[in-house]
Amino acid sequence: MSVVAKKAAKSNSAKRYWLMKTEPESYSIDDLANEKKQTTFWSGVRNYQARNFMRDDMQIGDEVLFYHSNANPPAIVGTAQVVKESYPDHTSWDKKDHHYDEKSTPDAPRWFMVDIQLTEIFEEALGRDQLTGVAALADMELMRKGSRLSVQPVKKSEWDAVLKLAKRSKKKK
DNA sequence: GCCAACGTTGGC
DNA sequence: GCCAACGTTGGC
């Protein structure tokens, strides 16, 4: 199926839930909060599985858990929303960009991205230790040992469980 | 800094 | 198509 056909096919499907990882040293949720309209393009993904989720499956209104990896502690720190569906990642043909890929060109883009807008920063980040042992999150991709997928689908039950934990941590404050 | 668990590359 | 070597991710 072509990319266009896939986009047409997804247009009627229900809202989906995702998790996106970022290293806060390179881009954090505070950086997102400081953007104009608190919106940014999610460039730099160079993994085919993650790209395919963005290119083929993400739609406007989908909700995103925002995760800080390689952080202390690694944690889900807030939520965002998809506000623009996939389009070519221009950083892939920028020779000065760290994520430059000589095989990607404007005519034949290899990498894609979406735009996301900040929804909420959790008052207290949800560290992995707080996610470990939660029954509803036992099968979450994020919690699987060795999982490296930087854009990953989240089940609604997992989304609900995470937000519930976030609210609880908010009350504690 | 260590290293397990990946994903990609390239020789064959 | 197989798979060893290599580079990367990311928790600890």
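Keep in mind it's a predicted model, so treat the numbers as computed, not measured. Numbered from 1 within each chain, the chains take letters A, B, ... in sequence-line order.
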> Who are the side-chain hydrogen bond (donor to acceptor under 3.5 Å, both in side chains) partners of A:Asp101, not counting sequence neighbours?
Replying inline: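 Scan of A:Asp101 (side-chain hydrogen bond (donor to acceptor under 3.5 Å, both in side chains), adjacent residues dropped) gives A:Trp111.
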
> Do A:Lys164 and A:Asp160 sit within salt-bridge range, that is, some charged N less than 4.0 Å from a carboxylate O?
Replying inline: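 No salt bridge links A:Lys164 with A:Asp160.
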
> Salt-bridged, A:Asp89 to A:Arg46, with N to O below 4.0 Å?
Replying inline: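 Counted as a salt bridge, because a side-chain N and a carboxylate O are separated by less than 4.0 Å.
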
>> Going by ring-ring contact (aromatic ring centres under 6.0 Å, His included), name the residues that satisfy it together with A:His99, two or more places apart in sequence or in a different chain.
In response: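 For A:His99, no residue satisfies ring-ring contact (aromatic ring centres under 6.0 Å, His included) once neighbours in sequence are set aside.
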
> Please give, in whole Å, the distance from C:dG11 P to A:Glu25 CD?
Replying inline: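 A:Glu25 atom CD is separated from C:dG11 atom P by 13 Å.
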
> Would a 4.5 Å heavy-atom cut-off, applied to side chains only, mark A:Gln152 and A:Lys21 as touching?
Replying inline: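 A:Gln152 vs A:Lys21: side chains touch.
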
> Which residues in residues 41-52 of chain A have at least one heavy atom lying under 4.0 Å from any atom of DNA chain B?
Replying inline: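 Heavy-atom cutoff 4.0 Å gives A:Asn47, A:Tyr48.
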
>> One character per nucleotide, please: for nucleotides 1-10 of chain C, 5' to 3', B when the base has a protein heavy atom closer than 4.0 Å, S when only the sugar-phosphate does, - otherwise.
In response: ------BBBB

> Should the pair A:Phe66 and A:Trp42 be assigned to parallel (<30°), tilted (30 to 60°) or perpendicular (>60°) ring geometry?
Replying inline: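 A:Phe66 and A:Trp42: perpendicular rings.
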
> In the hydrophobic cluster built from side-chain contacts under 4.5 Å, what are the other members alongside A:Tyr100?
Replying inline: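 When side chains under 4.5 Å apart are linked, A:Tyr100 ends up in no cluster with other residues.
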
> Could you give all pairs that pass the ring-ring contact (aromatic ring centres under 6.0 Å, His included) test and reach residues 138-167 of chain A, with sequence neighbours left out?
Replying inline: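 Applying ring-ring contact (aromatic ring centres under 6.0 Å, His included) to every pair that reaches into residues 138-167 of chain A, excluding sequence neighbours, yields A:Tyr17-A:Trp159.
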
